[in-house]
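Numbered from 1 within each chain, the chains take letters A, B, ... in sequence-line order.
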2 protein chains.
Amino acid sequence: MGEQPDYFVKSAEKTLAVLLAFNAAHKSLTVTEVAGAIGVSRAAARRFLLTLVDLGYLEVEGSAYRQTPRVLDIGASYLAGLTLPQVARPHLQALANRLSETTSLCVLDDQDILYVERISNPRLHSMTVSIGNRLPAWATSMGRVLVAELPEAAREEFLNNAKLQHYTAKTVSSIDELRAELDTVREQGWSLVAQELDEGLRGLAVPVYRGAQLLGALNVSVQPGRIGSASITDEMLPLMRQAAIDIADDFGGRTAEQN
Amino acid sequence: MGEQPDYFVKSAEKTLAVLLAFNAAHKSLTVTEVAGAIGVSRAAARRFLLTLVDLGYLEVEGSAYRQTPRVLDIGASYLAGLTLPQVARPHLQALANRLSETTSLCVLDDQDILYVERISNPRLHSMTVSIGNRLPAWATSMGRVLVAELPEAAREEFLNNAKLQHYTAKTVSSIDELRAELDTVREQGWSLVAQELDEGLRGLAVPVYRGAQLLGALNVSVQPGRIGSASITDEMLPLMRQAAIDIADDFGGRTAEQN
DNA sequence: GACTATATGTGCGCATTGCGTACTGTTGTA
DNA sequence: TACAACAGTACGCAATGCGCACATATAGTC
């Protein structure tokens with residue numbers, strides 16, 4: 001591995017590697033740490049760090065480098081360009097209000113689902129995910145909807161690369177089990193995942209389709225100690241399907257205008 | 001201008017420039033457009049674009065390049081590293097619920113405020129800002145709080161660089177007027193901005209202090225057609241100040257443990 | 001169909017860029 | 001005082017990344 005095509009700009013990869021070296025566990029890093037993390041000499045790491053300070057993406061305090069809020073700009077340009085979250089927001093809000101639960105909208109990126117919009121109910125202290133966060137697709141209701149709707153080949157590739165983990169006692173434990181579940185999800189057009197990622201966490205998701213194009217998945221996370229599975233689907237599913245249709249319709253209108 | 005220090009990694013700047021060339025007005029770009037936008041030859045732009053496709057940050061369709069959700073990772077690593085939004089969330093939720101309004105938390109970056117957490121009330125179809133979004137600091141309640149608390153020199157530098165705009169009839173129209181307003185804000189410890197950025201939009205903000213360190217600003221946006229200014233401050237201010245204190249306390253506890 | 005105009009894809013030679021090594025200085029520890 | 005581990009800096013060399021130039025493709029115009 002490691003054979004790069006001849007158009008490859010190595011510095012681009014390194015630049016992003018430097019920015020991504022910072023995370024929750026490593027909020028602040030030294031030159032030596034960064035050099036170790038991305039596999040270059042201290043001198044090289046230092047050049048990148050100082051450059052990024054100069055550009056305003058990092059700040060130094062003594063020998064400790066840390067990210068500045070400016071790094072958010074890169075992702076913000078993506079979110080601003082997406083019509084989907086903007087269009088979806090009022091519908092997610094209405095749904096969250098009607099059901100008194102938290103609603104989310106996700107897209108698929110490789111093996112993960114990625115939150116692009118989320119309305120959390122102020123009355124509940126719900127799980128701490130925010131826009132841009134990733135969760136493993138195979139273990140979530142939205143992920144299963146998105147993967148189930150994938151073309152056969154892509155779905156199999158997903159399954160081949162899936163790294164199952166045993167989060168709770170209820171977590172799906174084999175690829176075959178997961179494949180069967182995906183078939184069910186595809187047939188019924190929704191997915192209910194109960195306590196597979198976290199105890200006391202249930203999520204119901206439906207796809208958001210615009211014609212033949214899959215825009216994303218819509219989710220309602222159901223509070224623990226609430227109604228049982230049967231009434232969840234009976235009560236919530238029609239509302240969610242309608243919301244998905246409304247979002248798709250609005251999206252169609254909005255994107256037709258602007259290119 | 002343009003004189004760069006000798007440690008400067010030019011490719012890093014170009015890499016980020018390529019990613020930032022995409023925005024709401026330019027969701028998808030061609031090689032030539034990118035080359036023009038960042039000022040390099042087509043061949044160079046193409047190398048960067050193909051590299052970023054290879055790394056998964058962009059995707060091509062014919063000759064149209066667009067961002068993938070992966071660009072959110074860069075900002076997500078910043079948000080994950082910040083303790084403040086996580087700590088603040090439950091307090092913002094409680095406050096939003098109590099007041100039936102939308103609450104936000106911002107930090108200052110140069111001339112802008114930057115949303116790092118936001119709880120929007122599902123019952124209201126509020127203004128479309130999300131985490132990572134920027135607004136001009138001088139025209140917002142949170143911005144005025146954050147700038148007012150800056151040291152004298154930094155505050156004056158902010159004022160020197162401020163580019164005032166006439167958003168509405170009520171917008172502050174001169175630097176001197178703004179300076180006087182900032183003095184008032186600093187004295188009273190809160191800022192109320194009514195309809196200066198947008199008609200029918202009022203925001204009340206207080207600073208979040210931990211000892212002498214300014215962590216950010218907390219805001220409640222007040223619905224149009226609600227109570228008058230006097231009762232806004234009477235009713236809301238005590239709750240907001242308490243929330244700010246609670247956040248700072250929690251923050252102190254959380255950061256003391258880890259590093 | 002011929003002629004422009006404007007786009008993308010590609011090969012190549014050369015200068016710049018960015019590389020690591022090696023050195024110095026500083027701090028903290030045994 | 002010796003030693004280890006860190007940050008900063010200088011420098012020479014090679015790889016990297018540059019733009020030019022040419023081939024090719026797709027429209028629009030007459």
Between atom [atom1] in [X] and atom [atom2] in [N], what is the gap in whole Å?
{"X": "Arg47(A)", "N": "dC19(C)", "atom1": "CZ", "atom2": "C1'", "result": "6 Å"}
{"X": "Phe8(B)", "N": "dT17(C)", "atom1": "CZ", "atom2": "P", "result": "12 Å"}
{"X": "Glu13(A)", "N": "dT16(D)", "atom1": "CD", "atom2": "P", "result": "12 Å"}
{"X": "Ile38(A)", "N": "dG18(C)", "atom1": "CD1", "atom2": "C1'", "result": "13 Å"}
{"X": "Leu50(B)", "N": "dT16(D)", "atom1": "CG", "atom2": "C1'", "result": "16 Å"}
{"X": "Leu49(A)", "N": "dC6(D)", "atom1": "CG", "atom2": "P", "result": "15 Å"}

Using the side-chain heavy atoms of [X], tell me which of these nucleotides is nearest: [options].
{"X": "Lys14(B)", "options": "dG8(D), dT10(C), dC18(D)", "answer": "dC18(D)"}
{"X": "Lys10(B)", "options": "dT17(C), dG8(D), dG17(D)", "answer": "dT17(C)"}
{"X": "Val31(A)", "options": "dG8(D), dG19(D), dG9(C)", "answer": "dG8(D)"}
{"X": "Arg46(B)", "options": "dG19(D), dG20(C), dT10(C)", "answer": "dT10(C)"}

Legend entry - Residue pair Val208(B), Leu214(B): steps toward the side chain to side chain contact (heavy atoms under 4.5 Å, CB included) verdict: CA-CA 6 Å; Val208(B) 179; Leu214(B) 183 60; 5.8 Å; no
Legend entry - Nearest atoms (heavy-atom pairs only) where Gln67(B) meets Tyr78(A):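 Taking every non-hydrogen atom into account, OE1-CA, 3.1 Å.
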Legend entry - Member of Thr140(A), Asn219(A), Asn133(A) meeting the side-chain contact (heavy atoms from CB on, under 4.5 Å) criterion with Ile113(A):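 Answer to the side-chain contact (heavy atoms from CB on, under 4.5 Å) test with Ile113(A) among Thr140(A), Asn219(A), Asn133(A): Thr140(A).
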Inset, instruction - Nearest 0.5 Å please: distance from the CG atom of Asp54(B) over to the CG atom of Leu49(B). - result: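 Between Asp54(B) CG and Leu49(B) CG, I get 12.5 Å after rounding to 0.5 Å.
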Inset, instruction - Could you pick out which residue, Phe48(B) or Glu33(A), lies toward the 5' side of DNA chain D when each is mapped onto its nearest nucleotide? - result: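 Mapping each residue to its closest nucleotide by heavy atoms, the 5'-most match is Glu33(A).
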Inset, instruction - Name the nucleic acid region contacted by Ser63(A), choosing base, sugar-phosphate or nothing; use a 4.0 angstrom heavy-atom cut-off, strictly under. - result: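 The answer is sugar-phosphate, as Ser63(A) gets under 4.0 Å only of primed atoms, P, OP1 or OP2.
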Inset, instruction - Would you mind classifying the nucleic acid contact of Ala44(B) as base, sugar-phosphate or nothing, using non-hydrogen atoms under 4.0 angstrom? - result: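 The answer is sugar-phosphate, as Ala44(B) gets under 4.0 Å only of primed atoms, P, OP1 or OP2.
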Inset, instruction - Give a yes/no on whether any side-chain N or O of Ser11(A) is located under 4.0 angstrom from OP1 or OP2 of dG17(D). - result: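 So the side-chain polar atoms of Ser11(A) do come within 4.0 Å of the phosphate oxygens OP1 or OP2 of dG17(D), strictly under.
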Inset, instruction - State which residues pass side-chain hydrogen bond (donor to acceptor under 3.5 Å, both in side chains) with Tyr209(A); sequence neighbours excluded, sorted by chain then number. - result: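 Once residues adjacent in sequence are excluded, the partners of Tyr209(A) under the side-chain hydrogen bond (donor to acceptor under 3.5 Å, both in side chains) criterion are Glu149(A).
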Inset, instruction - State whether the distance check finds a donor on one side and an acceptor on the other, under 3.5 Å, for side chain Arg42(B) versus base dG9(C). - result: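 Check passes, donor-acceptor contact within cut-off.
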